[in-house]
Amino acid sequence: MFLELKNLKKHFGEGDSRVDVLNGIELEMEKGEFCVLLGPSGSGKSTLLNIVGGIDRASEGSIVIAGEQTQGMNEKQLTMYRRKHLGYVFQMYNLIPNLTVQENIEVGAYLSEHPLPVEEIMTTLGLYDQRKKLPNQLSGGQQQRCAIGRAIVKNPDILLCDEPTGALDYNTSKEILKLIETVNQKYGNTVLMVTHNDAIRLMADRVLRLRDGRIRDNIKNTEKKRAEELEW
Ligand SMILES: Nc1ncnc2c1ncn2[C@@H]1O[C@H](COP(=O)(O)OP(=O)(O)OP(=O)(O)O)[C@@H](O)[C@H]1O
Ligand SMILES: [Mg+2]
């Protein structure tokens, strides 16, 4: 198994202000699997993604990626873990404002031992003609494509996406979903994507639902749809 979460727990605060967010997450994902994570607002989806992404730490439990345990790692090891294994796409693009499209993507490449060719990525994402522009000269969809480029140029084992289409309209959202699908198929990255959009579950290999700090549903999709076929 490529990714294994065992009895993962997370609380914030202590005493009277303690909030238990994750209460024992059990999850296994295979290499190349495309998983969609659904759940109500405040159910802990971003918290879970941040823990898998090495941005935050679990209170209890273990994460094993490609045989590597993250729980006992110090800050430096965790940074190396993030560089080696992870690409992250957020709802709000988080691009560096004074770098061009190409330079933003190169930042991702710089952090990797085995980056993909930047020009190829820009072409796949339809950004080649925009490569010299700054983020504020791009549409929301173009900015999100650039953020996907920055995450994917590392050729990460795992691509984490937190509502990557949350700030986008219908057509642009579909375009972004098609790109994530293409990237998943072309480069074989394992994808864990959080969304509020129930229709997106149809394009996943596996659909997870988070509620009360636990994974309540874990369903393998036998007949998944292409991003292009989705409607909402
Ligand atoms: N740093 C923090 N300190 C205290 N509480 C936090 C912190 N981060 C998250 N929480 C709490 O943990 C719970 C889960 O938050 P999280 O952001 O993971 O939810 P979510 O499922 O991503 O929600 P949404 O769909 O609205 O993005 C919430 O009750 C939130 O208030
Ligand atoms: Mg969230």
Side-chain angles (χ1 to χ4, degrees), residues 3-29 33-63 65 70-71 73-75 78-79 81-82 85-95 140-141 143-144 147-148 150-151 156 158-170 172-174 176-177 179-180 189-204 206-219 230 232:
L3 170 69
E4 281 183 80
L5 310 183
K6 285 189 201 142
N7 195 29
L8 207 69
K9 296 185 182 175
K10 177 69 178 176
H11 65 265
F12 293 104
E14 295 298 339
D16 289 347
S17 59
R18 174 172 165 143
V19 192
D20 288 283
V21 179
L22 303 177
N23 298 318
I25 300 285
E26 303 280 344
L27 179 62
E28 295 188 341
M29 279 170 68
E33 231 180 355
F34 189 139
C35 297
V36 159
L37 177 62
L38 298 159
S41 180
S43 58
K45 303 181 297 297
S46 298
T47 303
L48 180 58
L49 234 58
N50 289 342
I51 292 173
V52 174
I55 295 172
D56 201 352
R57 285 176 186 274
S59 311
E60 266 182 63
S62 76
I63 302 176
I65 292 186
T70 69
Q71 210 50 1
M73 289 183 179
N74 61 31
E75 285 306 317
L78 213 52
T79 304
Y81 158 84
R82 278 200 299 267
H85 292 295
L86 287 154
Y88 215 132
V89 179
F90 300 89
Q91 176 175 7
M92 299 308 299
Y93 328 114
N94 291 36
L95 297 171
Q143 288 181 60
Q144 191 57 302
I148 291 171
R150 182 187 51 191
I158 303 184
L159 183 64
L160 300 173
C161 306
D162 198 350
E163 298 188 51
T165 61
L168 303 171
D169 65 34
Y170 179 80
T172 316
S173 294
K174 278 189 97 163
I176 294 297
L177 292 173
L179 278 175
I180 295 173
N189 324 85
T190 306
V191 180
L192 181 55
M193 181 159 86
V194 166
T195 177
H196 276 122
N197 183 342
D198 212 53
I200 294 176
R201 76 184 191 286
L202 301 171
M203 68 181 278
R206 188 180 292 281
V207 182
L208 309 165
R209 276 181 208 273
L210 192 60
R211 192 158 41 83
D212 303 326
R214 290 201 177 82
I215 296 201
R216 299 293 174 174
D217 289 331
N218 181 343
I219 297 165
L230 302 182
W232 63 88

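Every number for a ligand or one of its atoms is a count from 1 in the order of the listing.
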Identify, for atom 14 (C) of ligand 1, the protein heavy atom at the shortest distance, and state residue, atom and that distance. G42 O, 3.3 Å

Short list, please: which atoms of ligand 1 are under 4.0 Å from a heavy atom of T47? 14 (C), 15 (O), 16 (P), 18 (O)

Identify, by atom number and element, the atoms of ligand 1 in contact range of E163, meaning under 4.0 Å from any of its heavy atoms. 25 (O), 27 (O)

Should you measure from each heavy atom of S43, which atoms of ligand 1 turn up under 4.0 Å away? 19 (O), 21 (O)

Heavy atom of the protein closest to atom 6 (C) of ligand 1 (residue, atom name, distance): F12 CD1, 3.3 Å

Shortest protein heavy-atom distance from atom 25 (O) of ligand 1, along with the residue and atom involved: K45 NZ, 2.7 Å

Closest non-hydrogen protein atom to atom 17 (O) of ligand 1, residue and atom name please, with distance? S46 CB, 3.8 Å

Start with the C-alpha distance between L210 and I25, add both sets of side-chain angles, then the distance that settles side-chain contact (heavy atoms from CB on, under 4.5 Å), and finish with yes or no. CA-CA 9 Å; L210 192 60; I25 300 285; 3.5 Å; yes

The Mg ion (ligand 2) to nearest N/O/S of T47 below 2.8 Å: no

Hey, is atom 4 (C) of ligand 1 touched by any protein heavy atom at less than 4.0 Å? yes

Counting heavy atoms only, name the option from G44, P40, S41, G39 that's nearest to atom 19 (O) of ligand 1. G44

Please say whether more than 12 non-hydrogen atoms of neighbouring residues, nucleotides or ligands are located less than 6.0 Å from CZ in R211. no

Between V21 and ligand 1, which part of the residue brings a heavy atom under 4.0 Å of the ligand: side chain, backbone, both or neither? side chain

Does atom 31 (O) of ligand 1 have any protein heavy atom closer than 4.0 Å? no

What are the atoms of ligand 1, with element, lying closer than 4.0 Å to any heavy atom of H196? 25 (O)

Gap separating the CD1 atom of I219 from the SG atom of C35, nearest 0.5 angstrom: 12.5 Å

